Amino acid sequence: MGTTGTKATTGRRGTSAAYREVIGLTGPLLPVMSFLARLPTATIQFGSVLLVARTSGSLAAAGLTGGALAVGQVACGPLVGRLADRHGQRTVVLVFSLANAVAVAGLVAGALAGLQTAVLAVVGAAAGATVPQIGPMARARLVALARRAGARDSTVGAALSFESTLDEVSFVLGPALVGLAAVTAHPGYALGGAAVLVALCGSGFALHRTAVATRPGPVATSAERRSGSVRTRAGRRNGAVTAATGERPRPAAPIPRSIHALRAALALQGAMFGACQAASPPSPSDSDSRTRLGSSTPPWE
């Protein structure tokens, strides 16, 4: 009994020390800014649907706008990461944070002005395409800082666990804040707050001193240069042996079938969640639905 309690206490102390080391790598301000800057990503998807539904009275327009926003985010997310790899996080995150703030504010203004569905869908796609991808950027930066400081593998694992926790909390808290704003006031307030957050905290995350850790073209350490030269010499020897024996190089290993099954399952899961969010219960009449749409009382009661 005493041994078990001692081990549990030691484990808790080790975990606390690992998290303190993670905070020591970034400073206390960066996690706060990255958390606040990723909240808009969890807010705009659900918020755009509620906003357009409230202002237009059409669930079809709301679904099209929210769907266009999601498509823009999925299509341009890898591009944002690629640009950050090439030019560094500072410039890319700063530009996309400001552009996303403008796009989200434009969506709010367009919905309140009663613009056509096609225009709202285009603005929604722009809002999704300019999402600055703060979560992946923060993970890449934190791991780079840990490697640069020569941190242990346990510290790197704690850093990834810490970032995953921030992601999960933001994706739970964001829609809850949107729903609260929609019930108590108007969903436009939630999206307006999201625009302000991504402009201020996204820019703060981009300009933080730790952004230099992910600059492109880092100088390799002596150990990395030695390991690289060893791999190069080994590759040359293997190539020479292949040429001398006349053997063909081995083809790359095929992708396991289980990976394709996993991809299909994830695609179906995404379609299921999308269908659940887009579904709406039947209402007695169109006029009653339009009258009650966006209010705290469901139209089918």
Side-chain angles (χ1 to χ4, degrees), residues 26-27 29-49 51-52 65-66 68-113 115 119-142 144 163 166-167 170-171 173-175 177-178 181 187-216:
T26 63
L29 183 59
L30 183 65
V32 175
M33 283 194 301
S34 70
F35 174 75
L36 294 176
R38 72 186 79 188
L39 264 180
T41 305
T43 301
I44 58 175
Q45 180 70 59
F46 185 41
S48 64
V49 174
L51 174 67
V52 178
T65 304
L69 191 149
V71 170
Q73 184 176 354
V74 170
C76 294
L79 175 62
V80 177
R82 180 64 174 168
L83 290 174
D85 289 340
R86 283 192 173 186
H87 305 288
Q89 288 189 9
R90 176 161 290 171
T91 302
V92 173
V93 175
L94 181 61
V95 170
F96 274 85
S97 294
L98 296 177
N100 188 244
V102 172
V104 173
L107 180 60
V108 175
L112 293 176
L115 296 181
V119 178
L120 292 178
V122 170
V123 179
T130 54
V131 169
Q133 307 294 334
I134 298 294
M137 300 287 184
R139 279 190 290 275
R141 185 182 299 188
L142 194 50
E163 281 296 323
L166 292 181
D167 266 345
S170 68
F171 277 102
L173 185 60
L177 293 176
V178 174
Y189 289 112
L191 286 183
V196 173
L197 273 181
V198 74
L200 295 180
C201 298
S203 299
F205 177 82
L207 298 175
H208 195 268
R209 57 179 177 80
T210 55
V212 297
T214 55
R215 284 184 303 184

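Nothing here was measured: the structure is a model prediction, and the numbers come from that model.
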So, using side-chain contact (heavy atoms from CB on, under 4.5 Å) as the criterion, who are the partners of [X] when residues are at least two apart?
X: Ala213; answer: Ala144, Leu145, Arg148
X: Leu112; answer: Thr55, Val108, His186
X: Phe35; answer: Leu39, Leu166, Val169, Ser170, Leu173
X: Leu94; answer: Leu98, Ser203, Ala206, Leu207

Looking at side-chain heavy atoms only, is the closest gap between Leu107 and Ile44 below 4.5 Å?
no

Quick one, Thr41 and Gln73 - any side-chain contact, counting heavy atoms below 4.5 Å?
yes

Could you state the interatomic distance from [atom1] ([X]) to [atom2] ([Y]), rounded to the nearest 0.5 Å?
X: Leu83; Y: Gln89; atom1: CG; atom2: CD; value: 12.0 Å
X: Gln45; Y: Thr65; atom1: CD; atom2: OG1; value: 10.5 Å
X: Phe205; Y: Thr210; atom1: CZ; atom2: OG1; value: 6.5 Å

Only distances under 3.5 Å count here; give the side-chain donor-acceptor pairs of residues 119-138 to other protein atoms, sequence neighbours excluded, each with its distance to 0.1 Å.
unit_1, atom_1, unit_2, atom_2, d
Thr130, OG1, Asn100, ND2, 3.1
Thr130, OG1, Ala126, O, 2.8
Thr130, OG1, Ala127, O, 3.4

Do NZ/NE/NH1/NH2 and the carboxylate oxygens of Glu163 and Arg38 come within less than 4.0 Å?
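Looking at Arg38 together with Glu163, the answer is yes, because their closest N to O distance falls below 4.0 Å.
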
Applying side chain to side chain donor-acceptor pair (under 3.5 Å), name anything that partners Ser97, two or more places apart in sequence or on another chain.
none

